[in-house]
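Below is one structure, written out as structure tokens; comments come after it.
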Amino acid sequence: MHNPATNKEWAAEELRLHYERWEWGGRLPSAALRHVQGGSNVLGLVRFDRDLAHTLDAAGPEVQRAVALLAARLACEEAGLADKLWVAQALTALTEGRPLPPPFDDADQMRNTLRSDFPIPKRSALMAWPPERPRYCPPDTGRHTVSVVLPNPTPPDLGEISQPHFALPAVIAAADPTPLTAALDAVWHAIATYGEHYPELLCEIWSACPEQATGSAPVSPPRPYDAVALFPQLAPLARTATRLHPRPGSPTPHDSSIGGPLLWPANEPWPHCDSPHVVDGINLPMAPADLRSERRIRAASHGRSLTPQERETLDRIRPPQTYPVGPAVATPYHGPIAMLPVAQLYARDVPGLPTPEGADLLQVLWCPFDHPIMPRTELFWRSAASVTDILDTPPDPPATQFDGYLPKPCLLNPEQITEYPDHLELSKELRRQIENWSPWEIAEEGSDYKSSPAGFYDNALSAAPGWKLGGWPRWGATDPQPRPCPECGTEMDALLTIASFERNGEDCPWFARREPDDQLPAGFDPMTPTAVQIGSGYDQQLYVCRAAPEHPHIELMH
């Protein structure tokens, strides 16, 4: 039943996450960044270099300690203090992992020492001021909401700062017991020390970050046109979607992931599928363990010839077949089949997750056989805090009907975007406007898209391809159709898109990729990071009731 109070709570949470995403430079912070936020200057650092803050978070404690030490040393050198004996001793203590010696064990004593140590280096710089960023504009809910724009603060008359006084706090910050806080705050104080010359410092800091950490998370390219500017009637139809941007990794049960281990209670039965399981007589089902072995061998042998042992293993996994496979193999599985993990999404990581009351975790599993044209899924909503004893070794099914029904383990890089409906879901009037030449001629004279403006709108402006939460569905295999809740009749919303591909074509205007070619894992295809394939390359869309997400969901192939 519709619950206005619950809807207001969801709306308030969506608005909070919307602002938090803007505050953190376009992406939500990790749990670790949220944890240190109250006791560090991390948001100040985000104003100067948003990617650096997130990169340091992902770099690990060793890199964080190294960056903290580098920032402290550079700040002292910039301020002319590195040759002072008492400062050099403190930097040595940081290098050796020892507590800071006096006077750095007491902030007042440290400042007094600076004042009394003549001559104090007379070094100064104009105050550092961060680059301008997009102003914050709350989303318009469309119902009696006043849209308030928070402007960027006006730069003050930037005065000079004493670099020695700004540098010493960087030394104290670098000794913080939490490596992430040490790195964030030491860099922040070093930026303040460098003042107007802070870009030079940031270049040095980035050089200390490992190559695998310097690539920022995938971000969707800007839309080629402003859809609402061209077609104002689209404005009230905008929806927020969260692109998941899966990337190969080693997720744990405590991570949001695709194909990773689940936070599954040890005392709760693992779900099985009791339906009939019939294969097509052409594609031989394979055991998940064999598929994983094959993938490991292919990745390890990337760029070289197979060893005899590897070739023998692959021949065992995929022996030569004659087709059709035959009736004895076409219907081999009659008992319950253990389901496979597809996705695990924590509300803390994935903004917009429509959790029922008391839940903060969604787990999606499926049977790796067609029922009848795609895998059958089950959804489980739970409170992560309630799981204290985790199931270590969940059962594997005896086989998967297709290779693409065993997702590769991937970590996620959630990114919120704005989407609009497929042109087939628009009113006839608005559809005619989109198919009209005039707006496209105004947007870009001579555009190649005039031959199919509706197709260009669908591919470039309406809804993103790939794995995502919420937003608008992309239609193709089927036309739009009513999606009422089977329990209460309420209209259902798109929950999760299980995608075969992260882009629709080589020149996809939505394709988000930040990794240089030489940093891609062996065998990794950014177009198909999860190795999932639905049918001939379609999407499997899960829908949930907007009034009660715990009601039975429905599935469609798009």
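Worth saying up front: this structure is predicted, and the values here are computed from it rather than measured. The first residue in the sequence is number 1, and the count goes up from there.
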- prompt: Does L52 offer a backbone N or O that forms a donor-acceptor pair with the side chain of D49 under 3.5 Å?
  reply: yes
- prompt: For Q481, does the CD atom have more than 12 heavy-atom neighbours from other residues, nucleotides or ligands under 6.0 Å away?
  reply: yes
field: Residue among Y420, W475, W472 satisfying side-chain hydrogen bond (donor to acceptor under 3.5 Å, both in side chains) with E425
entry: W475
- prompt: Is a side-chain donor or acceptor of Q416 paired with a backbone partner of T418 at a separation under 3.5 angstrom?
  reply: no
task: Please confirm whether the backbone N or O of Y538 pairs with a side-chain atom of S500, one donor and one acceptor, at under 3.5 Å?
output: yes
query: Under 4.5 Å between any side-chain heavy atoms of I337 and H272, yes or no?
result: no
statement: Output for pair (D57 CG, Q64 CD), nearest 0.5 Å, gives 7.0 Å
- request: Over all heavy atoms of both residues, which pair between Q37 and W24 is shortest? Give the atoms and the distance, please.
  value: OE1-CZ2, 3.6 Å
message: Check this for me, if you would: do E555 and R483 make a salt bridge, where the nitrogen-to-carboxylate-oxygen distance has to be below 4.0 angstrom?
response: no
query: Testing Q540, Q541, R243, R474 for side-chain hydrogen bond (donor to acceptor under 3.5 Å, both in side chains) with T497, which one passes?
result: Q541
Qualifying salt bridge (charged side-chain N to carboxylate O under 4.0 Å, His left out) pairs, either residue in residues 370-381, two or more places apart: R376-E378
field: Residue pairs passing the salt bridge (charged side-chain N to carboxylate O under 4.0 Å, His left out) test where at least one lies in residues 455-469, sequence neighbours excluded
entry: E419-K468
- request: Take H553 and T377, measure what side-chain hydrogen bond (donor to acceptor under 3.5 Å, both in side chains) needs, and give me the verdict at the end.
  value: CA-CA 9 Å; H553 70 290; T377 57; 2.8 Å; yes
message: Using the salt bridge (charged side-chain N to carboxylate O under 4.0 Å, His left out) criterion, which residues pair with R348? Sequence neighbours excluded.
response: none
task: Taking atom types as modelled, find out whether T252 and D255 have a side-chain donor-acceptor pair closer than 3.5 angstrom.
output: yes
message: The criterion is ring-ring contact (aromatic ring centres under 6.0 Å, His included); which residues satisfy it with H371, sequence neighbours excluded?
response: H277
task: For the pair T178 (side chain) and T181 (backbone), establish whether a donor and an acceptor sit closer than 3.5 Å, ignoring hydrogens and angles.
output: no
message: Just so I know, are the side chains of I434 and F231 near enough to count as touching, which here means a heavy-atom distance under 4.5 Å?
response: yes
- prompt: Where the side chain of N413 meets the backbone of R247, is there a donor-acceptor pair that is under 3.5 Å apart?
  reply: no
message: Could you tell me if the side chain of M492 sits less than 4.5 Å from the side chain of P486, heavy atoms only?
response: yes
- prompt: Which value, rounded to the nearest 0.5 Å, describes the distance between W188 atom CH2 and S40 atom OG?
  reply: 11.0 Å
field: W206 and T55, any side-chain heavy atoms less than 4.5 Å apart
entry: yes
query: What is the ring orientation for F402 with Y405, classed by angle as parallel under 30°, tilted 30 to 60°, or perpendicular over 60°?
result: perpendicular
field: Identified side-chain contact (heavy atoms from CB on, under 4.5 Å) counterpart of L496 within the set L244, V350, V544
entry: L244
statement: The salt bridge (charged side-chain N to carboxylate O under 4.0 Å, His left out) partners of R292 (sequence neighbours excluded) come to D396
message: Quick check: do P509 and P221 have side-chain heavy atoms less than 4.5 Å from each other?
response: no
- request: Check whether any side-chain N or O of T400 sits under 3.5 Å from a backbone N or O of P368 as a donor-acceptor pair, and report yes or no.
  value: no
field: Which atom of A463 lies closest to which atom of W510, heavy atoms considered
entry: O-NE1, 3.6 Å
query: Going by atom types alone, do Q344 and S256 pair a side-chain donor with an acceptor below 3.5 Å?
result: no
task: Taking the side chain as every heavy atom from C-beta outward, state whether S275 and C367 have any pair of such atoms under 4.5 Å apart.
output: no
task: Indicate the atoms forming the closest heavy-atom contact of P246 with C410, along with that distance.
output: CB-CB, 3.7 Å
statement: Rounding to 0.5 Å, atoms CD (Q433) and CD (Q233) come to a distance of 4.5 Å
- prompt: Could you give the distance from CG (L362) to CG (L469), rounded to the nearest 0.5 Å?
  reply: 8.0 Å
- request: Evaluate side-chain contact (heavy atoms from CB on, under 4.5 Å) for L345 paired with L361, printing each intermediate quantity in order.
  value: CA-CA 6 Å; L345 305 177; L361 176 62; 5.8 Å; no
Side chain S30, main chain L33, donor-acceptor under 3.5 Å: yes
message: Between H245 and E415, does the side-chain contact (heavy atoms from CB on, under 4.5 Å) criterion hold? Intermediate values first, please.
response: CA-CA 8 Å; H245 295 307; E415 176 208 11; 2.7 Å; yes
message: Run the side-chain contact (heavy atoms from CB on, under 4.5 Å) test on L430 and H423 for me, step by step, so that the C-alpha distance in whole Å, both residues' side-chain angles and the decisive distance to 0.1 Å come before the verdict.
response: CA-CA 8 Å; L430 186 49; H423 84 282; over 6 Å; no
- request: Start with the C-alpha gap between L180 and L184, add the side-chain angles, then the distance that decides, and say whether side-chain contact (heavy atoms from CB on, under 4.5 Å) holds.
  value: CA-CA 6 Å; L180 177 58; L184 296 169; 3.8 Å; yes
message: Using every non-hydrogen atom in the two residues, find where T242 and P351 come nearest and quote the distance to one decimal.
response: OG1-O, 2.8 Å
- prompt: Mind checking whether F369 and P276 have side chains closer than 4.5 Å, heavy atoms only?
  reply: no
query: Taking all atoms of both residues into account, what is the closest heavy-atom pair of L262 and I390, and its distance?
result: O-CG2, 4.0 Å
message: Would you say the ring centers of F456 and Y225 fall short of 6.0 Å from each other?
response: yes
message: If you define the side chain from C-beta out and look only at heavy atoms, does anything of N267 sit under 4.5 Å from D389?
response: no
field: side-chain hydrogen bond (donor to acceptor under 3.5 Å, both in side chains) evaluation trace for S462 with D422
entry: CA-CA 6 Å; S462 63; D422 185 287; 5.4 Å; no
- request: Answer yes or no: is there a donor N or O on one side and an acceptor on the other, between the side chain of N459 and the main chain of G455, under 3.5 Å?
  value: yes
message: Is a donor from one side chain sitting under 3.5 angstrom from an acceptor on the other, for T530 and W467?
response: yes
- request: Verify whether one side chain among Q363 and W381 offers a donor that lies under 3.5 Å from an acceptor in the other.
  value: no
Gap between atom NE2 of H551 and atom CZ of R546 - 0.5 Å precision: 14.0 Å
message: Would you compute the distance between atom NE2 of H254 and atom CG of D349 and round it to the nearest 0.5 angstrom?
response: 12.5 Å
query: With W264, which residues qualify under ring-ring contact (aromatic ring centres under 6.0 Å, His included), at least two apart?
result: W270, F380
- line: What one should report as the nearest heavy-atom pair of M286 and D403 is SD-OD1, 3.9 Å
